[in-house]
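The structure appears below as structure tokens.
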Amino acid sequence: YTSIRTKRLPPNPSSITRSHFSKSVYASSELSYIGENAFQSCRNLQNVIIPQNVYNIDKAAFYNCENLTSIQFPTENLRYIGEMSFYNSVLTHVEIPSSVWSIGSSAFSYTKLKNISITNPSCGIGDHAFAYTPMENATIASAGQYMFLGVSDIETKTKNLTITLL
């Protein structure tokens with residue numbers, strides 16, 4: 001998967017599936033869906049800006065993208081972030097738009113997340129969504145079971161997590 005450097009998608013794709021992967025992806029604003037495993041194990045992928053029309057990031061879409069450092073979500077249409085979507089990336093900060101209704105189980109587990117903000121009180125958050133991260137600050141309106149399982153400072157093995165409930 002890592003040999004492709006840049007891929008230009010067709011002019012008006014409505015979805016991205018597993019066959020679309022590279023270090024840089026240029027997609028039109030018509031994109032509305034990122035499919036299951038679409039960028040799985042794309043080790044060169046570093047930064048992602050999700051187009052405004054995307055409403056769904058499916059299961060494991062960015063799973064094991066071990067160099068993914070930043071993600072910018074659309075502010076209006078995104079409704080669903082699938083389970084294990086960003087599992088094992090190096091994201092450190094994520095702001096979930098208020099349009100999101102559901103974050104799947106283990107969506108951000110084993111990342112480098114230190115800060116998370118989820119302001120939609122109706123957003124369902126799956127079990128283990130942020131497990132095994134070095135989380136320091138979380139602003140959330142609801143919580144899933146074991147949502148922050150294993151959250152600790154890697155060196156001292158102590159938990160220094162501040163949670164603000166909305």
Side-chain angles (χ1 to χ4, degrees), residues 1-2 15-18 20-21 23 25 33-50 54-75 77-166:
Y1 297 122
T2 59
S15 66
I16 293 178
T17 60
R18 188 171 172 89
H20 295 97
F21 45 82
K23 183 175 182 178
V25 175
Y33 178 85
I34 299 175
E36 186 173 330
N37 304 311
F39 294 92
Q40 180 180 346
S41 299
C42 186
R43 289 178 177 85
N44 289 330
L45 191 60
Q46 297 173 354
N47 303 298
V48 174
I49 298 174
I50 307 291
V54 171
Y55 68 91
N56 186 356
I57 299 172
D58 210 346
K59 178 180 177 182
F62 296 92
Y63 180 93
N64 203 34
C65 289
E66 57 192 31
N67 290 305
L68 181 60
T69 59
S70 72
I71 182 85
Q72 182 178 335
F73 293 114
T75 58
N77 296 314
L78 185 62
R79 300 287 186 257
Y80 176 74
I81 298 173
E83 62 185 79
M84 298 186 298
S85 291
F86 297 94
Y87 188 100
N88 196 36
S89 68
V90 290
L91 295 170
T92 59
H93 176 78
V94 173
E95 289 187 35
I96 305 295
S98 60
S99 63
V100 173
W101 296 343
S102 178
I103 298 172
S105 298
S106 300
F108 295 93
S109 292
Y110 291 95
T111 63
K112 303 295 182 196
L113 277 180
K114 292 185 178 187
N115 301 291
I116 185 76
S117 176
I118 305 168
T119 58
N120 182 350
S122 300
C123 182
I125 301 172
D127 297 346
H128 304 99
F130 306 99
Y132 301 102
T133 65
M135 188 72 65
E136 294 173 358
N137 295 293
T139 302
I140 57 174
S142 64
Q145 187 174 6
Y146 305 114
M147 186 169 141
F148 296 108
L149 178 71
V151 170
S152 65
D153 182 291
I154 302 301
E155 293 174 12
T156 65
K157 303 290 187 207
T158 60
K159 293 184 180 185
N160 294 313
L161 174 60
T162 301
I163 297 176
T164 304
L165 293 174
L166 301 176

Report the distance from atom CD1 of Ile125 to atom CD1 of Ile140, rounding to the nearest 0.5 Å. 5.5 Å
When rounded to the nearest 0.5 angstrom, what is the spacing between CE in Met84 and CD in Glu36? 8.5 Å
Please list every donor-acceptor pair under 3.5 Å in which a side-chain atom of residues 62-73 meets a protein atom from a residue at least two apart or in another chain.
| unit_1 | atom_1 | unit_2 | atom_2 | d |
| --- | --- | --- | --- | --- |
| Asn64 | OD1 | Asn88 | ND2 | 2.5 |
| Asn64 | ND2 | Ser41 | OG | 3.4 |
| Asn67 | ND2 | Arg43 | O | 2.6 |
| Thr69 | OG1 | Gln46 | O | 3.2 |
| Thr69 | OG1 | Asn47 | OD1 | 3.4 |
| Ser70 | OG | Asn47 | OD1 | 2.7 |

Do the side chain of Ser99 and the main chain of Leu78 share a donor and acceptor less than 3.5 angstrom apart? yes
Any side-chain heavy-atom pair of Thr92 and Val90 under 4.5 Å: no
Kindly write out the residues that satisfy side chain to side chain donor-acceptor pair (under 3.5 Å) with Asp58, not counting sequence neighbours, or none if the list is empty. Tyr33
How many angstroms lie between atom CG of Asn37 and atom NZ of Lys59, to the nearest 0.5 angstrom? 7.5 Å
Compare every heavy atom of Ile34 with every heavy atom of Ala61, then report the nearest pair and how far apart it is. CB-CG2, 3.9 Å
To the nearest 0.5 Å, what is the distance between CG (Leu45) and CZ (Phe39)? 6.5 Å
Can you name the nearest heavy-atom pair linking Thr119 to Ser98, along with the distance? OG1-CB, 3.8 Å
What closest approach, in Å, do Gly82 and Ala107 show between heavy atoms, and which atom pair accounts for it? O-CB, 3.7 Å
Any chance you could measure Glu136, atom CD, to His93, atom NE2, to the nearest 0.5 Å? 12.5 Å
Any side-chain heavy-atom pair of Ile118 and Phe130 under 4.5 Å: yes
Give me the atom names and distance for the closest heavy-atom approach of Ala129 to Ile103. CB-CG2, 4.5 Å
So CZ of Phe108 and OG1 of Thr133: to nearest 0.5 Å the spacing works out to 11.0 Å
Name all residues meeting the ring-ring contact (aromatic ring centres under 6.0 Å, His included) criterion together with Tyr132; count only those two or more places apart in sequence or in a different chain, and write none if there are none. Tyr110
Checking side chain to side chain contact (heavy atoms under 4.5 Å, CB included) for the pair Ser106/His128: CA distance, chi angles, key distance, verdict? CA-CA 5 Å; Ser106 300; His128 304 99; 3.6 Å; yes
